[in-house]
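As the structure is a computational prediction, the values presented were derived from the model and not from experiment. Numbering of residues begins at 1 and proceeds along the displayed sequence. Heavy-atom basis, side chains included; hydrogens, waters and symmetry copies ignored.
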Amino acid sequence: MRKKTWLMMMMVAVISVSFVLPVQADQPHMQAAKSELNNAMKFLRRATADKGGHREKAINLVSQAMAAVQAGIDYDRTHFTPGRRRRNSDLDENSLLSIAAMPDQPNMEAARRALDNALSSLNRASADKGGHRERAMDLVRAAIAEVNAGIEYDRTH
């Protein structure tokens, strides 16, 4: 009888602990990048349309980057690489790609910050995503360039 009571208490303890311990998020850096890309899209859509076509190009690139991030998440969920090490990148591209913020175009600047954050999150994500992570990073860099060009266009026209 003691053995059964002890086993029941252990089972209750294990089940209780499983409800108390936090659950680790699935691919947190990729999820963060996805969230930031959604933010960037929101701000790009709010920005005024007169940006010499750069705003529309940035919207298209962000849309493609969102698809690439999701494809990377899906790939990582379905492909196991034995011995894979998940390492974070120390590269901080925010300092390389940002232009000094000016308060004259708040939506475009907010979109750029969200894209910078997305790129930073993608840099911290594990590298093995079937090439989708790298594609998303290229698309985000191109979107940042278009946002910057749109800001500059609006300032000079």
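- Separation of atoms CG (Asp116) and OG (Ser121) is listed at 11.0 Å; rounding is to 0.5 Å.
- Smallest separation of non-hydrogen atoms from Arg135 and Ala68: CG-CB, 4.0 Å.
- In plain terms, the two heavy atoms of Ala114 and Ala40 that are nearest each other are CB-N, 3.5 Å.
- Here the side chain of Arg133 pairs a donor or acceptor atom with the backbone of Leu122 at under 3.5 angstrom.
- With rounding to the nearest 0.5 Å, the separation of CD in Glu36 from CD in Gln31 is 12.5 Å.
- Shortest non-hydrogen contact noted between Leu37 and Val62 is O-CG1, 3.6 Å.
- Partners of Asn38 under the side chain to side chain contact (heavy atoms under 4.5 Å, CB included) rule, at least two apart in sequence or in another chain, are Lys34, Met66.
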Inset, instruction - Under the side-chain contact (heavy atoms from CB on, under 4.5 Å) rule, what do Leu44 and Asn107 come out as? Steps first, then yes or no, please. - result: CA-CA 6 Å; Leu44 284 168; Asn107 288 312; over 6 Å; no
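- The minimum heavy-atom distance linking His132 with Ala71 is given by the pair ND1-CB, 3.5 Å.
- Linking Ile, Leu, Val, Met, Phe, Trp and Tyr residues whenever their side-chain heavy atoms come within less than 4.5 Å leaves Val69 and Leu61 in two separate clusters.
- In this structure, the side chain to side chain contact (heavy atoms under 4.5 Å, CB included) partners of Ala110, at least two apart in sequence or on a different chain, are Phe43, Arg113.
- The ring-ring contact (aromatic ring centres under 6.0 Å, His included) analysis of residues 138-157, with sequence neighbours excluded, yields the pairs Tyr153-His157.
- Atom CD in Gln64 sits 11.5 Å away from atom CG in Asp138 (nearest 0.5 Å).
- If you chain together hydrophobic residues whose side chains sit under 4.5 Å apart, Leu139 and Ile59 never meet in one group.
- One N or O on the side chain of Gln27 and one on the backbone of Ile73 form a donor-acceptor pair closer than 3.5 Å.
- Applying the salt bridge (charged side-chain N to carboxylate O under 4.0 Å, His left out) definition to pairs two or more places apart or across chains, none involves residues 54-70.
- Applying the side chain to side chain contact (heavy atoms under 4.5 Å, CB included) rule to Asp74 yields the partners Gln70, Arg77; only residues at least two apart in sequence or on another chain are considered.
- Scanning all heavy atoms of the two residues, the minimum distance from Gly131 to Glu134 falls at CA-OE1, 3.3 Å.
- In the hydrophobic clustering of ILVMFWY residues, with side-chain heavy atoms under 4.5 Å counting as a link, Met30 and Leu119 come out together.
- Each salt bridge (charged side-chain N to carboxylate O under 4.0 Å, His left out) pair with one or both residues in residues 143-154, not counting sequence neighbours, appears once here: Lys51-Asp154.
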